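Worksheet: one structure, shown below.
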Protein chains: 2
Amino acid sequence: MLDERKKKILQALITDYISTAEPIGSRTIARKYDLGVGPATIRNEMADLEMLGYIEQLHTSSGRIPSAKGYRFYVDSLLAPEQVTDNEKVLINNWYEAKARRVEEVFQETAKILSRMTRNISMVLAPQFSQCIFKYLQFLPLDEHRVILVIVTDTGFIENKVISFPEGMLFEDLQQIAGRINSRLAGLSFDKIKASILREIKENILQDPRLFDSTLQVLREALTVSKSDRVYLGGTTQLLSQPEFRDVDKVKGLLNILEQDKLLRDIMHVTEKDGILVRIGEENKYIGIQECSMVQATYAIEGQVVGAIAVLGPTRMEYGKVMAILEFMHSHLGEILKKYKV
Amino acid sequence: MLDERKKKILQALITDYISTAEPIGSRTIARKYDLGVGPATIRNEMADLEMLGYIEQLHTSSGRIPSAKGYRFYVDSLLAPEQVTDNEKVLINNWYEAKARRVEEVFQETAKILSRMTRNISMVLAPQFSQCIFKYLQFLPLDEHRVILVIVTDTGFIENKVISFPEGMLFEDLQQIAGRINSRLAGLSFDKIKASILREIKENILQDPRLFDSTLQVLREALTVSKSDRVYLGGTTQLLSQPEFRDVDKVKGLLNILEQDKLLRDIMHVTEKDGILVRIGEENKYIGIQECSMVQATYAIEGQVVGAIAVLGPTRMEYGKVMAILEFMHSHLGEILKKYKV
DNA sequence: TGTTAGCACTCCTCTCGATAGAGTGCTAAC
DNA sequence: GTTAGCACTCTATCGAGAGGAGTGCTAACA
């Protein structure tokens, strides 16, 4: 365990590095932070901290920078919890009032707010359809050969697709079919609607395979990837202001990842854990972001976790501030979303 | 007017610059392109071309690069029309088959195809709701206090929103209201549904102002910006591979623009002109992309222009190839989209 | 008259070495 | 245990010089 002075030195070093992005020497720490000891003492302590793996040196005559282990210790033990100020809360609410007119825009604007406030990349995973509960489906007439199949969830999300229906079938037949499917599926969450149930429907309810295939496809899509499964991004340009991304090749690597929707959904995959999760450097599973840190939180509607929000940036990140903002959004986003469903 | 030899030299120079991104000297042209004259002659011609404003010199002892005027002349008069190969056509069709399951994905994948094939940024403006024709609206029950308002267009696009309805009102009342609104609006395109008509509806059909406000809002949103109005982007990372964007600050400027949805919609605003439009450098209205060129085309469904596709890249762009691909997509995308509506 | 070879000139870019500066580790003294 | 002093290491920066690419001009040639 680190003694008090080592902790103070580590804290000073990390704080300084976070704001300057420059390696810090013993003299700088002695001058900037009043620890009551001279630079030589700090030098000795820093040598110890390096031995223990909390800080690193790029070359013999450079200052020290925090290691991943150092950041981890900082986040776990040194960080003073911060809070979003009342002023900021008002600003956030006003922002939503002014810019978000529809549910999708809430996600988009949340991403923007997160990236503006943290000056980092933000990611918002919209509620996952698969966790919603099937309420009913309905066919809406379009023309002689086509109908729109609409699937409604209990939260009011909608999934729809235009499908054609076979010659000779009457719209009334479709309504009857819808009624039967509804009574079978009503109240089930989408991740419970498995292939077996669909097969059952096929055999017992739907006679015409062509219609079935279309309907089945829509249901299946609703089960897997749908528009509500989208990851909204914000502030990718923030990246370019960070000194660690002065190199175009590094930027390219990261942007490449952010362009892959599938990968993003994977990265954002909602964890059971209902709190704030900090992944530092190589703690991230995905190779391309292992030089970054990611702070992630879930959000819930009526107690049920439905999606996630996250901030991605260099390991040299203002963890305190980022965590405070995510903490606030974690508990606040659900309410905001509820508003938009009324 | 340029004589034949000047044209050949200009063409050689631009072709070379497009593939190498390096200024080209007289000796290089003489060696690489067999024009039957020596470098000294080419030097003289190049001096003339520079006088006339077709090419530029960065400093006294550098080679020449094309100017905007040079590119313009190249595009208008020198470029041999190219065609998408049959092989490429097959690849494109397979791509759609494999990746696009829903209409939105067609746009997304179109953007991807465009960026992959051109190695530049691509933009796809999805069909504008405002140009669609209102078919009908319908209320779907959700719970005791809320219904889903669904607006259906003749092309099968759907706009929906959850709205609450006043105490004491019956669902049957809503259906009656829907019927009346439908008979008033049916067959009108959304850009014809103006405030005056909405007011008329308010006075003659809807009694309860609260309900009206919600309904009105949805209609209004359908008239302005909706999800189908989105601009899909592809290949922003391609940018970073281009030597002209080696400088992080330039990248930042451009990405900043691409992050602003509104601006994108503006840039992509569908032109009346139904063909391929090339904007070179400062011919672009928006300041941030004035170091770039943009090639844009429309696409149509059943003869009606509904959206636009574009490729954005450095002025040093393979115009021939880009135009060929856009030309193909221009005439092909409509068909692809029709498939997804059946 | 148009074309070409030759040559001096300009300007950029790369490399090398010297220098200044930051920071360290070690030792000896407090 | 702490500190001052000092030699040492490594980096970043700057300028000089060499090398190279390309030009414009002139004079000669077909």
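What you see is a predicted model, and the numbers here were worked out from it, not measured in a lab. Lettering follows sequence order; numbering is per chain, from 1.
Under the 30°/60° scheme for interplanar angles, the aromatic rings of A/Tyr319 and A/Tyr74 are found to stand perpendicular.
B/Ile9 contributes atom CD1, which lies 11.0 Å from atom CD of B/Glu4 (distance to the nearest 0.5 angstrom). If you take CZ on A/Phe245 and SG on A/Cys292, they are separated by 4.0 Å, rounding to the nearest 0.5 Å.
Nucleotide C/dG25 holds its C1' atom 13 Å from the CG atom of A/Asp48, rounded to whole Å. At whole-Å resolution of the value, CD in B/Gln57 and P in C/dC11 are 11 Å apart. A straight line from CD of B/Glu56 to P of D/dG22 spans 18 Å, rounded to a whole angstrom. Atom C1' of nucleotide C/dC11 and atom CZ of B/Arg64 are separated by 14 Å, given to the nearest angstrom. A/Glu50 has its CD atom 12 Å from the C1' atom of C/dG25, to the nearest Å. Rounded to whole Å, the distance from CD1 on A/Ile65 to P on C/dG23 is 14 Å. Per the geometry, CG belonging to A/Asp16 stands 11 Å off P belonging to C/dG23, to the nearest Å. Rounded to whole Å, atom C1' of C/dT3 lies 18 Å from atom CZ of B/Arg27.
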*Take A/Thr118 and A/Glu318 through the test side-chain hydrogen bond (donor to acceptor under 3.5 Å, both in side chains) and record every step on the way to the result.*
CA-CA 8 Å; A/Thr118 63; A/Glu318 291 181 86; over 6 Å; no
*Output, in order, the C-alpha distance, side-chain angles, deciding distance and verdict of salt bridge (Lys or Arg N to Asp or Glu O under 4.0 Å) for B/Arg64 and B/Glu56.*
CA-CA 5 Å; B/Arg64 305 307 212 287; B/Glu56 295 172 343; over 6 Å; no
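Nucleotide C/dA28 forms a Watson-Crick or G-U wobble pair with D/dT3, both donor-acceptor distances falling under 3.5 Å. D/dC10 is paired with C/dG21 under the Watson-Crick or G-U wobble criterion, all donor-acceptor distances under 3.5 Å.
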*Going 5' to 3' through nucleotides 2-13 of chain D, assign each nucleotide B (protein heavy atom under 4.0 Å from a base atom), S (under 4.0 Å only from sugar-phosphate atoms) or - (no protein heavy atom that close).*
SBBB---BBS--
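A side-chain donor from one of B/Asn120 and B/Gln242 sits under 3.5 Å from a side-chain acceptor of the other.
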